Novice: 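Please read through the structure below; I'll follow up with questions.
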Amino acid sequence: MPESPGDVRITVTRTLTKDQQARRTRLIDAARRLALEGGYAAVTMHDVADRAGVARATVYRYFATKDHLLTEVAALWAEQITSDTSAALTGETPAERITALMGRIVEVAAAELTLTSAIIQAITSDDPGVEDARNALFLQMRTRLAAALGESAPDLEEVEILLGHVLLSALVSLTSLGRPVEEVRGMIATAGRLITAGMTALQNEPA
């Protein structure tokens with residue numbers, strides 16, 4: 001959202017040079033550290049620019065709005081949490097693997113609750129500047145969930161989407177609703193078991 005009437009939003013659609021990519025990464029890291037320290041309110045484009053050591057106008061060359069920037073923070077955060085999925089993929093059943101993967105995300109989210117709250121507020125924003133980054137984030141998470149499911153099934157795409165909504169609900173429960181992490185983990189385990197059981201039932205239906 002604009003910080004003043006005179007703010008101009010400029011986003012980059014061309015391929016970034018190595019220096020530009022490094023600058024963009026530095027801005028994302030600065031926003032993440034500010035969110036971790038003070039939550040959503042602590043992340044302003046001005047403070048992000050100061051923390052990253054760039055001019056304020058530079059931030060707007062890479063990110064249309066604060067929520068756009070925080071959604072990119074979310075994408076990097078999710079990638080780092082789920083980059084090593086070996087532990088989540090060793091379960092014998094889809095339910096075990098899904099529960100392990102989503103449980104890991106919930107545990108990290110609970111340990112960094114201020115950051116998680118800022119991310120959730122940004123990705124659920126109605127800011128149109130967030131849409132592309134949010135879609136990329138959701139696709140990224142669907143890919144991780146698909147790897148944990150580890151098998152084809154009828155309506156697999158719908159299963160991935162449903163699990164994504166369960167995960168988002170879990171993170172909202174942690175942040176906006178202040179529910180205990182044990183309760184949220186239990187919700188995920190139950191949802192994972194029921195959803196994957198339904199997937200298995202579909203697989204076993206006669207053609």
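Bear in mind the structure is a predicted one, so any value in this text is a computation, not a measurement.
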Novice: Identify the heavy atoms of Ala41 and Lys66 that sit nearest to each other, and give their distance.
Specialist: CA-NZ, 4.1 Å
Novice: Please check: side-chain N/O of Thr190 versus main-chain N/O of Gly186, any donor-acceptor pairing under 3.5 Å?
Specialist: yes
Novice: Do Met187 and Glu183 have side chains that approach each other closer than 4.5 Å (heavy atoms only, starting at C-beta)?
Specialist: no
Novice: Under 4.5 Å between side-chain heavy atoms, hopping through other hydrophobics if needed: is there a path connecting Leu139 to Ile105?
Specialist: no
Novice: Establish, from distance only, whether the side-chain atoms of Thr71 and Arg134 form a donor-acceptor pair under 3.5 Å.
Specialist: no
Novice: Under a 4.5 Å cut-off applied to non-hydrogen side-chain atoms, are Glu72 and Leu76 in contact?
Specialist: no
Novice: Output yes when Glu79 and Arg144 qualify as a salt bridge under the 4.0 Å nitrogen-oxygen rule, no when they do not.
Specialist: no
Novice: With a 4.5 Å limit on heavy-atom distance, are the side chains of Arg142 and Ile161 in contact?
Specialist: yes
Novice: Check side chain to side chain donor-acceptor pair (under 3.5 Å) between Asp47 and all other residues, then give those that pass, not counting sequence neighbours.
Specialist: Thr44
Novice: Is there a path of hydrophobic side-chain contacts, each under 4.5 Å between heavy atoms of I, L, V, M, F, W or Y residues, that connects Val130 with Trp77?
Specialist: no
Novice: So, are Asp29 and Arg33 salt-bridged, with charged N and O less than 4.0 Å apart?
Specialist: yes
Novice: List the atom of Met102, the atom of Leu167, and the distance in Å for their closest heavy-atom pair.
Specialist: SD-CB, 3.9 Å
Novice: Between Arg97 and Glu92 (salt bridge meaning N to carboxylate O under 4.0 Å), is one present in this structure?
Specialist: no
